[in-house]
Amino acid sequence: MSLTLDSSEVPKRLSVIADPPKKLFIKGCDIRKLVKLPTIAIVGSRRVSAYGKHITEKLAGELAADGVVIISGLALGVDSIAHQAVLDAGGLTVAVLPGGIDRVYPRSHEPLARSIVASGGGLVSESGGEVSPQKFNFLIRNRLISGLADGVLITEAAIRSGSLNTARHALEQGRTVFAVPGNITSELSGGTNNLIKLGATPVTCVQDIYDAMGWELAKKKTSPVAYTPAEQSLLKIMHKHDAMSGEELLKLSKLQSSEFFETMTMLEISGTIKALGGNLWSLK
């Protein structure tokens with residue numbers, strides 16, 4: 001389905017932002033219906049670390065599984081990771097394009113764009129046809145990403161990341177800004193850590209978002225999601241026990257020590273497992 005909405009037809013939440021769109025071109029869903037559901041925009045750096053990828057996949061997938069629509073910009077890095085995680089979770093996602101509605105950017109994401117539409121999500125743009133995106137279009141587009149959402153989550157961003165422009169629009173529009181804390185020695189976490197210092201709500205699990213938004217979405221505890229074979233191996237073992245020692249886990253997993261410790265660290269950071277003391281571990 002393709003739609004062209006005039007200014008009087010665009011969702012109300014967009015009609016009241018600064019510089020509201022005069023037209024919206026849409027492929028796939030009827031955006032007017034989709035934004036009546038809980039919506040969160042997820043954005044971040046194009047250059048993303050293993051930590052940023054893992055956290056983005058985890059949060060986007062869990063939000064989508066709870067019925068939250070995810071808005072992003074189809075860009076390299078965090079944006080495309082979030083879109084794909086939503087699709088993998090069987091959820092709905094919307095990509096706001098910087099160019100014309102028929103001009104997916106980057107071109108390498110055309111298959112992802114088709115999957116978004118086929119899954120019941122949609123593509124949105126202020127331009128029709130195959131208008132090429134100009135540099136200024138990316139920053140202008142960001143006001144629509146935040147404007148369509150109830151809140152904006154930045155999962156990983158450097159101090160000069162363009163995604164912080166989306167956070168600024170969100171604040172101007174009265175949206176709640178969320179940020180994932182990161183390693184203080186990583187330049188890719190400089191932007192998110194600064195946002196938290198400036199008052200953004202820190203997020204370590206989806207419940208942090210639900211609490212801040214007043215949403216009651218997580219009705220039941222879902223099984224932890226594994227994103228690598230090593231995580232799958234460890235979580236499968238831990239499901240069978242209330243608590244296990246690190247030595248037992250290493251032995252049963254048959255992982256190399258370096259991969260084991262790296263995987264355990266990522267699982268702890270993402271809130272999937274917790275340390276009980278005395279080198280004992282359990283699922284969270």
Are the side chain of [X] and the backbone of [Y] linked by a donor-acceptor contact shorter than 3.5 Å?
X    : Y    : answer
T155 : G52  : no
R143 : D19  : yes
T265 : F261 : yes
R141 : V96  : yes
E259 : Q256 : no
N193 : G182 : yes
T192 : V180 : yes
R13  : L148 : yes
D30  : R32  : yes
R175 : G147 : yes

Check whether any side-chain heavy atom of [X] lies under 4.5 Å from a side-chain heavy atom of [Y], and answer yes or no.
X    : Y    : result
Q84  : L112 : yes
I31  : P11  : yes
D79  : H109 : no
L14  : L24  : yes
L144 : P21  : yes
L63  : I42  : yes
L235 : L283 : yes
I55  : S270 : yes

Problem set entry | D6 side chain to S8 side chain, donor-acceptor N/O pair below 3.5 angstrom |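 The criterion, which ignores hydrogens and geometry beyond distance, is not satisfied for S8 and D6.
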For this session: Please name all residues satisfying side chain to side chain donor-acceptor pair (under 3.5 Å) with S49, sequence neighbours left out, ordered by chain then number.
Result: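 Per chain and number, S49 pairs via side chain to side chain donor-acceptor pair (under 3.5 Å) with E156.
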If you measure from [atom1] on [X] to [atom2] on [Y], what distance do you get to the nearest 0.5 Å?
X    : Y    : atom1 : atom2 : value
L234 : I273 : CG    : CD1   : 7.5 Å
I101 : K27  : CD1   : NZ    : 6.5 Å
H239 : K236 : NE2   : NZ    : 10.5 Å
Q207 : E62  : CD    : CD    : 10.5 Å
S161 : N194 : OG    : CG    : 12.0 Å
E231 : L267 : CD    : CG    : 4.5 Å

For this session: Check each of L171, N142, V43 against V152 using the side chain to side chain contact (heavy atoms under 4.5 Å, CB included) test, and report the only one that passes.
Result: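 Of the listed residues L171, N142, V43, the side chain to side chain contact (heavy atoms under 4.5 Å, CB included) partner of V152 is V43.
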Problem set entry | Check against side chain to side chain contact (heavy atoms under 4.5 Å, CB included), I116 and L74 | CA-CA 10 Å; I116 289 172; L74 204 68; 3.8 Å; yes
Is it the case that more than 12 heavy atoms not belonging to [X] sit under 6.0 Å from its [atom1] atom?
X    : atom1 : answer
Y105 : OH    : no
E110 : CD    : yes
R160 : CZ    : no

Which atom names give the shortest non-hydrogen contact between [X] and [Y], and what distance separates them?
X    : Y    : value
I145 : S72  : CD1-C, 4.1 Å
S125 : S127 : OG-N, 2.9 Å
A89  : A65  : CB-N, 4.4 Å
L92  : S119 : CD2-O, 3.6 Å
P98  : F138 : CG-CE2, 3.5 Å
S146 : Q173 : OG-OE1, 2.8 Å

Give a yes or no on whether [X] and [Y] share a hydrophobic cluster (residues Ile, Leu, Val, Met, Phe, Trp, Tyr; joining criterion: side-chain heavy atoms under 4.5 Å apart).
X    : Y    : value
V131 : V124 : no
L153 : Y210 : yes
V78  : I196 : no
V94  : I17  : yes
V10  : L37  : yes

Exercise. Checking side chain to side chain contact (heavy atoms under 4.5 Å, CB included) for the pair D150/W215: CA distance, chi angles, key distance, verdict?
Worked result: CA-CA 11 Å; D150 295 309; W215 294 342; 3.5 Å; yes
For this session: Could you go through the side chain to side chain contact (heavy atoms under 4.5 Å, CB included) check for F178 and I209 one step at a time?
Result: CA-CA 8 Å; F178 302 94; I209 296 173; 4.0 Å; yes
Problem set entry | Sidechain N-carboxylate O distance under 4.0 Å for K251, E247 |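 No, K251 and E247 are not salt-bridged.
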For this session: Given side chain to side chain contact (heavy atoms under 4.5 Å, CB included), test S253 with I237 step by step and report yes or no.
Result: CA-CA 8 Å; S253 70; I237 295 167; 4.0 Å; yes
Exercise. Can you list every pair that meets ring pair (Phe, Tyr, Trp, His ring centres under 6.0 Å) and has a residue in residues 38-64, with sequence neighbours left out?
Worked result: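 The answer is H54-Y227.
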